[in-house]
Amino acid sequence: MSLASTVVDALALPKPTQIGGDFLAQETEVNTNNLKDWIGDNVFVVIFLLVVCAIALGALKSNFSKVLTVGGLSLVAITFFVLAGSQSAMNGLGAFFLSLFGVDV
C-alpha cells in the first residue's frame, strides 16, 4: 500500500449511517407559548434590574437629576406595562377617572 493511498483513506470522511424514522428532534408542534410565559413571568424582574443598575450608576457619578429622571420614567413605564397586562386594573382605573367627573359605573 502506498503512502498516498494511506493518507487518502485516513482523511476520507466516514460514510453517513442511515437511521430509520424521522429526522426531527422534536415530534410535537413548535410554538412560542413557553417564550410568552417566560416573558410574562420574568420581564418585570429584568426591567427592574436594568432600572436599578441605571440608577446605581447615576448615583455613583453623583448625577442625582439622572437618578430622579430614570427612576420616575421607569415607574411610568412599569405602570403602563402593569395596566396593559391586567384587564381588571384597566377597569378599576377607568372607573376611578370616571368617578373624578362624577360618573358612577
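Not measured: the values here are computed from a predicted model.
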| said: For Ala54, give me all partners under side-chain contact (heavy atoms from CB on, under 4.5 Å), at least two apart in sequence or on another chain. | reply: Val70

| Spacing of Lys66 atom NZ and Ile55 atom CD1 [to the nearest 0.5 Å] | 10.5 Å

| field | Single-linkage hydrophobic cluster, 4.5 Å side-chain cutoff, Phe96 and Met90 together | value | yes

| Quick one: CG on Leu50 to OG on Ser74, what's the gap to the nearest 0.5 Å? | 10.5 Å

| request: Considering non-hydrogen atoms only, spot the tightest contact between Gly58 and Val67 and give its length. | output: C-CG2, 3.6 Å

| request: Report the residues that fulfil side-chain contact (heavy atoms from CB on, under 4.5 Å) with Phe97, sequence neighbours left out, ordered by chain and then residue number. | output: Leu93, Leu100

| query | Can you list the residues that meet the side chain to side chain donor-acceptor pair (under 3.5 Å) rule with Ser65, with sequence neighbours excluded? | reply | Asn63

